[in-house]
Q: 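Below is a structure I'd like to ask you about.
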Amino acid sequence: MPGFELFGDLERASVNEVLDTGVLMRYGFDGMRKDRWKALELEQKLATRMQTQYAHLTSSGTSALTVALACMGIGAGDEVIMPTFTFVASFESILAVGAVPILVDIDETLTLNPEAVQNAITPKTKAIMPVHMCGSMADLDALKAICEENNLLLLEDACQAIGGTYKGQPLGSIGDAGCFSFDYVKTITCGEGGGLITSSKDIYERAHMYSDHGHDHIGKDRGAEAHPFLGYNFRISELNAAVGLAQLARLDDFLAIQENHYGILRSALEGIEGLSFRKVPDGGVENYSFLNFFMASETQAKKVHAALSAVGIDACFYWYDNNWHYYRKWQHLLQEQSLFKLPEEVRLRMKDNSENDFSLSDQWMGRNISCLVKIGWEAEAVHQRAQLMRSTIQAAI
Ligand SMILES: *Cc1c(COP(=O)(O)O)cnc(C)c1O
C-alpha cells in the first residue's frame, strides 16, 4: 500500500517547482507563483480520476471527514452510524462537529452490516458512514437503499480503498460525499493530506470555504473576502499537494502492482483447510492494498498470526487486539476521556456504545488476519513470501 515505497523523480520535480517559487500556500500570491497551483491542479485531477464533479483537498483524511460532515449540516446531537472496525478518525471527525458516533456491527465484508445499520436508526440519525477498510468496500447498494428510505446522507470513508470500485464506479464517488487520506502510509501520499469528493455543488462550495476559515474565495484580495459562515483551518499546503500530484499520476501503476502481488499471495493461500477469504460485495473490485482472510477460530487466528511474525512475515495485522482500529481498545471513546466537556447529547448516547453487544463483529474480527500488500517488493520476494506464508500457516494449524 504505501506510495512512499516508490518515491522518485516525479515527486522530487513536483516539489522543486513549488520550492522554486517559494509559494507554499495554495491561495493568493498570484504574482510570485508563476502560475503554479498544485492543490488546485490535484483537485481537478482527483475529481476527473474519481469520475466526480468536485474535489477539495484538506490537511488530512480526518479533516476531510470532518469537513464533509460539517458541509452536510451535521452537528450537535445528530447521530452518525459508523462501524466497530475502522480507524479512530471515524469517531474523531463525528465528535469534532458535536455529533454522536453510533457504533454498529460489521460482517464478513469487514465493513458495516446493513441489517445492523437498519436496526440502529433512530429519529436522530442523520448519516451513515461506511468505511471501506483494507481495500474493499461496504455493500453500497444496501446502504444506499437504507439512506433513501430513511432520508439519510451517505458519507464514504475510502481512505484505505482509493482506486477500488463498486459496480464500475470509483469508491468515494457513490455516496453524497467520499473521503480519502493521503497520509504517509496510504496507497498514494502527500506526506499529510486528505481529499473530499462529491457531485454536490453545495457540499463542494461549503467545503472550500469551511476548510479555509469561511473565506468565500471571491476576488483577488484575501483580506477583503467575505465569510458567509464560521469556518476552520483545514488547508493543505502546496508542498504536500505537489507530492500528491506526482503520486496520483502513478496511482494506476501502483494499483496494478498491488493487484499482482495480492494475486500471488492469495493463490498461495487458496485451499488451506479452514482458511477463507474476506467477502467482497457483488460488483465490487478491491484496490488490493490488503489480503484479508479468516481462520477457523480465534485461537487458530492468534496462533497463525504469531507464527507468521515468528518467521519474519511483517505487516500482517491481527486487528482484534489493535489499539487504533477496533472498538474493544477504544477506552478513550467509550469512557469519554476527553480534555474538554463533550456535548450533553454525546454523553447521553455514549453509554449505549459501551453497553451494546458487538459479538457479531467479534466473531469476524477474532478470526481475521490482514496482510498489507506492499508495492516495493521484488518479484522473487513476493513468491518466496507467498510460499513461506502457506507453509507457516499450514504448520500452525
Ligand atoms: C488513514 C485513515 C483515516 C484518516 O486519515 P489521516 O489522513 O491519517 O487523518 C481515516 N479513515 C481511515 C479508514 C483511515 O485508514
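Whatever order the structure lists ligands and atoms in, that order sets their numbers, starting from 1. These numbers come from a predicted model, not from an experiment. When reading the values below, keep in mind they use all heavy atoms of this one structure, side chains included, and skip hydrogens, waters and symmetry mates.
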Q: Tell me the protein heavy atom at minimum distance from atom 11 (N) of ligand 1, and give that distance in Å.
A: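 The closest heavy atom on the protein side is Asp157 OD2, 2.8 Å.
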Q: Should the heavy atoms of other residues, nucleotides or ligands under 6.0 Å from CD of Gln337 be counted, would the total exceed 12?
A: yes
Q: Around atom 1 (C) of ligand 1, find the nearest protein heavy atom and jot down its residue, atom name and distance.
A: Lys186 NZ, 1.7 Å
Q: Would Lys34 and Glu17 pass as an ion pair if we require N to O under 4.0 Å?
A: no
Q: Below 4.0 Å from ligand 1: does a non-hydrogen atom of Glu192 turn up there or not?
A: no
Q: Tell me, please, whether Phe7 has Arg12 positioned over its six-membered ring: NZ or CZ under 6.0 Å from the ring centre and within 45 degrees of its axis?
A: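 Not flagged: Arg12 not positioned over aromatic ring of Phe7.
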Q: Among protein heavy atoms, which sits nearest to atom 15 (O) of ligand 1, and what does the distance come to when rounded to 0.1 Å?
A: Gln160 NE2, 2.9 Å
Q: Is there a donor-acceptor contact under 3.5 Å linking the side chains of Tyr327 and Asp362?
A: yes
Q: Please check if any side-chain donor atom of Asp202 sits under 3.5 Å from a side-chain acceptor atom of Ser200, or the reverse.
A: no
Q: Below 4.0 angstrom from a heavy atom of Ser181, which ligand 1 atoms are there? Numbered from 1 as shown, please.
A: 1 (C), 5 (O), 6 (P), 7 (O), 8 (O)
Q: Calculate, to the nearest 0.5 Å, the distance between atoms OG1 and CZ belonging to Thr187 and Phe290 respectively.
A: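 Going from OG1 on Thr187 over to CZ on Phe290, the span is 8.5 Å.
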Q: I need the contact type for Cys159 against ligand 1. Using non-hydrogen atoms and a strict under-4.0 Å cut-off, is it side chain, backbone, both or neither?
A: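 Contact part for Cys159 vs ligand 1: side chain (C-beta onward).
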Q: Which protein heavy atom lies closest to atom 8 (O) of ligand 1, and at what distance to 0.1 Å?
A: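 Of every protein heavy atom, Asp183 OD2, 2.6 Å lies nearest to atom 8 (O) of ligand 1.
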Q: Any chance CG of Asn151 has more than 12 other-residue heavy atoms, nucleotides or ligands included, within less than 6.0 Å?
A: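 Open: at most 12 neighbouring heavy atoms sit under 6.0 Å from CG of Asn151.
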Q: Report, in ascending order of atom number, the atoms of ligand 1 lying under 4.0 Å from any heavy atom of Ser60.
A: 7 (O), 9 (O)
Q: With heavy-atom distances below 4.0 Å as the criterion, list the atoms of ligand 1 near Val131.
A: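 That gives atoms 13 (C) of ligand 1.
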Q: What protein heavy atom sits nearest atom 9 (O) of ligand 1, and how far away is it?
A: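 Here the closest protein heavy atom is Thr62 OG1, 2.5 Å.
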Q: With a 4.0 Å cut-off on heavy atoms, is Ala64 in contact with ligand 1?
A: no
Q: Could you tell me whether Gly61 and ligand 1 have an N or O pair separated by under 3.5 Å?
A: yes
Q: Taking the six-membered ring of Phe277 as reference, does the cationic atom of Arg266 (NZ for Lys, CZ for Arg) lie under 6.0 Å from its centre and within 45° of its axis?
A: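 Flagged: Arg266 positioned over aromatic ring of Phe277.
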Q: Output the list of atoms in ligand 1 that are nearer than 4.0 Å to some heavy atom of Gly193, sorted by atom number.
A: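 In order of numbering, the contacting atoms are 7 (O).
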Q: Is a donor on one side and an acceptor on the other found under 3.5 Å between the side chain of Asp105 and the backbone of Ser361?
A: yes
